[in-house]
2 protein chains.
Amino acid sequence: MDEKAGVWMRLSDTIAQFIKEMLSQDELEIELQRNDLAAYFQCAPSQINYVLSTRFTPDHGYVTESRRGGGGCIRITRLRKTGGEYLRYLLEERIGESIDENAADIVARQLAERQVISVNDANLIRTAISAQTFAIPIPSQLKDALRARIFRNMLLSIAKRDPQED
Amino acid sequence: MDEKAGVWMRLSDTIAQFIKEMLSQDELEIELQRNDLAAYFQCAPSQINYVLSTRFTPDHGYVTESRRGGGGCIRITRLRKTGGEYLRYLLEERIGESIDENAADIVARQLAERQVISVNDANLIRTAISAQTFAIPIPSQLKDALRARIFRNMLLSIAKRDPQED
DNA sequence: TCTCCTGACCTTCTTTGACTATCAAGAGTA
DNA sequence: TACTCTTGATAGTCAAAGAAGGTCAGGAGA
């Protein structure tokens, strides 16, 4: 059953493959229920979180969101392939966990110049992470960390868009 | 996460949708009886209150009034404000110097729903001010203040960009 | 060692029911 | 007639239970 190239796959790999198959048929995103999936594979619900956090991160080209409470669910979105490598480089190398105002502004401009994102989107990012926005008394270390998070998540949000809706 | 009709909605979402459909047919306001609605959906009457208080607040673009006693009823009114008016209200009053994550997210969605800004722009704002972005150890007071600054500046940036309804 | 997997405990959102507050209309009374 | 009083029909509030998903430490394997 769970075989690949003659080797037994791990449960996590089986679940990951299952999810990827659901996402592979033209679907950009799917919604599923953690408990259902866990029941289907007869594993602990937290195993699903493990799979998601190790195999469906932005670095892998996916973004996940979720809702708790009755009727809650998990949504997994596949990022557009276009610029996938570059996006990964940006997130991991350029932005990382912390970036100062100057560097961030330069990167945002470059993104627009290279037409990776639109000028409007770049300007929105620049606004969100601008010195003016951060003109509030908190340690600059925290500012840089927060700036990186904002930048990172906004880029992911853009990458997540359905190309048809551009 | 965005609601998505289709899959499987919670009772509260179904009721909310039902009410919105009643309001969408040119009606600016409707009057209904709590018990009737509860009976129609076979739920506890207080569920109606839950729906109203979580999905029909002024931030959501609605105002509700009610009368108790025999022949009592609940009146739900859809707010009407032009884009410019609404923007001014948001910048000067609603967002102000501080706004929490939940309210900010609702307001950002509302902006798109009223077509004051595009869905993409709304999503970028929502991302920038999301709980995920702010998942960093700083006092929530500071988070709310920073969130307000980001929200305000992004809105201004968008408004400056396309002066469509001024 | 590193990855996988689980279970105990936590947070968030929904649903329900018991109890409370209010109103309108009819009954009773001066 | 005018003024209570009573009663039934509504709606509101709140706390607890229910229904998801999240986190984390630690054991189990490879």
Side-chain angles (χ1 to χ4, degrees), chain A residues 2-19 30-57 59-60 63-77, chain B residues 1-4 7-19 30-57 60 63-77 100-106 109 130-132 134-137 140:
Chain A
D2 304 335
E3 214 164 342
K4 189 187 181 185
V7 179
W8 288 101
M9 287 175 76
R10 305 199 165 283
L11 217 209
S12 287
D13 289 330
T14 307
I15 296 173
Q17 193 179 50
F18 182 83
I19 293 173
I30 54 169
E31 275 183 9
L32 47 83
Q33 296 209 267
R34 190 179 76 150
N35 289 340
D36 286 354
L37 201 56
Y40 182 76
F41 286 103
Q42 294 180 294
C43 64
S46 54
Q47 170 104 33
I48 307 302
N49 296 92
Y50 177 72
V51 173
L52 294 179
S53 65
T54 55
R55 293 156 166 83
F56 291 88
T57 66
D59 291 347
H60 290 95
V63 169
T64 63
E65 302 160 281
S66 67
R67 266 194 77 127
R68 300 188 185 184
C73 66
I74 295 175
R75 174 187 301 176
I76 306 170
T77 308
Chain B
M1 292 177 67
D2 293 315
E3 315 296 338
K4 228 185 167 177
V7 205
W8 196 74
M9 292 209 297
R10 306 155 196 76
L11 217 210
S12 288
D13 288 333
T14 306
I15 295 173
Q17 194 180 47
F18 181 83
I19 293 173
I30 55 170
E31 277 189 2
L32 46 83
Q33 296 208 278
R34 190 179 76 149
N35 289 341
D36 287 352
L37 201 56
Y40 182 76
F41 286 102
Q42 294 180 293
C43 64
S46 53
Q47 172 106 35
I48 307 301
N49 296 93
Y50 177 71
V51 172
L52 294 180
S53 66
T54 55
R55 292 154 166 83
F56 290 87
T57 68
H60 288 94
V63 167
T64 62
E65 302 158 281
S66 67
R67 200 174 58 234
R68 300 187 186 186
C73 67
I74 295 175
R75 178 188 308 163
I76 305 170
T77 310
D100 68 37
E101 198 268 327
N102 201 260
D105 191 67
I106 291 170
R109 285 192 204 215
S130 69
Q132 203 191 11
F134 280 87
I136 198 173
S140 61

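Naming convention: chains lettered A, B, ... in sequence-line order (proteins, then strands); numbering from 1 in each chain.
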For [Y], is there any backbone N or O sitting under 3.5 Å from a side-chain donor or acceptor partner on [X]?
X     : Y     : value
A/Q33 : A/G72 : yes
A/T54 : A/Y50 : yes
B/R10 : B/T14 : no

Handout entry: Steps toward side chain to side chain contact (heavy atoms under 4.5 Å, CB included) verdict (A/R34, A/N49)
Key = CA-CA 8 Å; A/R34 190 179 76 150; A/N49 296 92; 2.6 Å; yes
Tell me the interatomic distance from [X], atom [atom1], to [N], atom [atom2], rounded to whole angstroms.
X     : N      : atom1 : atom2 : answer
A/I74 : D/dA19 : CD1   : P     : 18 Å
A/Q33 : D/dG18 : CD    : P     : 19 Å
A/L52 : D/dT23 : CG    : C1'   : 14 Å
B/L37 : D/dT10 : CG    : C1'   : 14 Å

Problem - Derivation of the side chain to side chain contact (heavy atoms under 4.5 Å, CB included) call for B/E31 and B/I74 - result: CA-CA 5 Å; B/E31 277 189 2; B/I74 295 175; over 6 Å; no
Exercise for the section: Verify the neighbour count for atom CG of B/N102: are there more than 12 heavy atoms of other residues, nucleotides or ligands below 6.0 Å? Expected result: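 No, because the 6.0 Å sphere around CG of B/N102 holds 12 heavy atoms or fewer from other groups.
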Handout entry: Residues, nucleotides or ligands: over 12 heavy atoms within 6.0 Å of B/Q132 CD
Key =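 No - once you tally the heavy atoms of other residues, nucleotides and ligands closer than 6.0 Å, there are 12 at most.
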Problem - Dot-bracket pairing map - DNA chain C, Watson-Crick plus G-U, both contacts under 3.5 Å, | cross-strand - result: ||||||||||||||||||||||||||||||
Problem - B/E101 and B/S130: side chain donor to acceptor below 3.5 Å - result: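 There is no such pair (donor and acceptor under 3.5 Å, judged by atom type) between the side chains of B/E101 and B/S130.
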Problem - Side-chain N or O of B/N35 closer than 4.0 Å to phosphate OP1/OP2 of D/dA11 - result: yes
Problem - Letter per nucleotide, 5' to 3', of nucleotides 8-17 of chain C [B base touched, S only sugar-phosphate touched, - untouched; heavy atoms, 4.0 Å] - result: ---BBBBBBB
Problem - Closest to the B/N49 side chain, choosing from D/dA20, D/dT10, D/dG12 - result: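 Shortest atom-to-atom distance from the side chain points to D/dG12.
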